Amino acid sequence: MRSKTRILIIFIVLFFIGVAAAIFRYNQEGFTGNRVKNPDSYLLDIERMNGTDLHTLDLQTGDVLKIQFEALKGSLYMEIKAPDGTLIYCGNGKETTDFTVNITESGVYTIVVCARHAKGGVIRIEKYEY
């Protein structure tokens with residue numbers, strides 16, 4: 001009887017170790033897809049992403065950002081911050097997917113993308129000068 005109890009305890013311990021390893025692996029940061037960071041554009045074509053990505057754009061008053069932002073699976077969140085740190089956009093890519101943002105102040109703008117188990121999402125930001 002003690003032999004069966006030991007085997008059962010070993011099986012339970014190994015099961016929980018396997019579950020913990022799977023959870024750790026699932027929550028690990030990583031990016032699979034296409035990422036392009038240029039001075040006037042930013043592209044994330046996400047196959048799989050878990051974590052945070054940053055990019056900066058040096059913009060001038062009167063520039064316009066054309067943004068395509070679509071989250072197909074998982075959680076995807078984006079912020080665009082003005083040079084003084086105020087948010088000029090924040091969203092999850094589910095309600096509005098194509099839009100423009102007019103730049104009213106020259107300086108370096110920061111784009112922050114946070115993903116949690118995101119799959120199949122696209123973020124495309126291009127600067128247009130008028």
Side-chain angles (χ1 to χ4, degrees):
M1 193 66 152
R2 287 185 169 209
S3 174
K4 288 182 182 180
T5 303
R6 283 186 184 165
I7 291 173
L8 180 62
I9 291 172
I10 290 171
F11 175 75
I12 290 170
V13 168
L14 290 175
F15 173 77
F16 282 111
I17 289 172
V19 168
I23 289 171
F24 175 77
R25 172 82 172 114
Y26 183 68
N27 287 318
Q28 240 180 343
E29 285 199 18
F31 175 80
T32 304
N34 187 23
R35 179 182 3 222
V36 179
K37 295 181 178 185
N38 290 321
D40 59 353
S41 65
Y42 176 55
L43 168 72
L44 281 178
D45 188 358
I46 301 166
E47 289 179 28
R48 181 191 169 284
M49 183 176 171
N50 215 21
T52 302
D53 195 61
L54 301 170
H55 184 57
T56 58
L57 298 173
D58 191 6
L59 303 173
Q60 303 302 314
T61 301
D63 287 347
V64 176
L65 292 179
K66 180 170 175 24
I67 301 167
Q68 179 185 7
F69 178 31
E70 187 173 14
L72 300 178
K73 188 173 182 185
S75 170
L76 197 56
Y77 176 79
M78 180 174 63
E79 292 181 347
I80 301 175
K81 296 180 182 180
D84 66 0
T86 59
L87 286 176
I88 62 169
Y89 171 79
C90 64
N92 62 12
K94 293 184 180 174
E95 291 86 30
T96 304
T97 58
D98 287 300
F99 56 97
T100 59
V101 173
N102 296 317
I103 302 303
T104 59
E105 176 187 357
S106 296
V108 177
Y109 286 72
T110 304
I111 302 162
V112 181
V113 177
C114 298
R116 190 118 171 99
H117 311 298
K119 294 182 182 180
V122 173
I123 295 175
R124 178 175 287 120
I125 301 174
E126 298 175 297
K127 175 178 84 170
Y128 288 93
E129 298 173 12
Y130 289 98

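Here the structure is a predicted model, which is why all the values come from computation and not from measurement. For the single chain, residues carry numbers from 1 onward in sequence order.
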[atom2] on [Y] to [atom1] on [X], rounded to 0.5 Å:
X: E126; Y: D63; atom1: CD; atom2: CG; value: 13.0 Å
X: C114; Y: N50; atom1: SG; atom2: CG; value: 11.0 Å
X: I80; Y: I125; atom1: CD1; atom2: CD1; value: 4.5 Å
X: E79; Y: C90; atom1: CD; atom2: SG; value: 6.0 Å
X: R48; Y: I46; atom1: CZ; atom2: CD1; value: 11.0 Å

Of all residues at least two apart in sequence or in a different chain, which pass the ring-ring contact (aromatic ring centres under 6.0 Å, His included) check with Y109?
->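 If we apply the ring-ring contact (aromatic ring centres under 6.0 Å, His included) test to Y109, skipping adjacent residues, there are no hits.
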
Please identify each residue that fulfils ring-ring contact (aromatic ring centres under 6.0 Å, His included) with Y77, with sequence neighbours left out.
-> none

Close side-chain approach of [X] to [Y], heavy-atom, < 4.5 Å:
X: N34; Y: L43; result: yes
X: L57; Y: V108; result: no
X: T32; Y: M49; result: no

Could you pull out all residues at least two apart from K37 that satisfy side chain to side chain donor-acceptor pair (under 3.5 Å)?
->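 Checked K37 against side chain to side chain donor-acceptor pair (under 3.5 Å); matches are D53.
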
Can you name the residues that form a side chain to side chain donor-acceptor pair (under 3.5 Å) with T56, not counting sequence neighbours?
->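 Side chain to side chain donor-acceptor pair (under 3.5 Å) check on T56 returns nothing, list empty.
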
Atom pairs and distances, side-chain donor-acceptor, residues 64-75, under 3.5 Å, sequence neighbours left out:
residue: Q68; atom: OE1; partner: R124; partner atom: NH1; Å: 2.8

Should I123 and V113 be marked as a side chain to side chain contact (heavy atoms under 4.5 Å, CB included) after you check the CA-CA gap, both sets of side-chain angles, and the distance that decides it?
-> CA-CA 9 Å; I123 295 175; V113 177; 3.6 Å; yes

Return yes if some donor-acceptor pair links the side-chain N/O of T61 with the main-chain N/O of S106 below 3.5 Å, else return no.
->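 Yes, T61 side chain to S106 backbone: donor-acceptor pair under 3.5 Å.
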
Between the main-chain N or O of T86 and the side-chain N or O of D84, is there a donor-acceptor pair closer than 3.5 Å?
->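 Confirmed, D84 side chain pairs with T86 backbone.
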
If you take all heavy atoms of G107 and D58, which pair is closest and at what distance?
-> O-OD1, 3.4 Å

What ring-ring contact (aromatic ring centres under 6.0 Å, His included) pairs are there with at least one residue in residues 34-65, not counting sequence neighbours?
-> Y42-H55

Single-linkage hydrophobic cluster, 4.5 Å side-chain cutoff, V112 and L44 together =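 Looking at the clustering, L44 is in a separate group from V112.
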
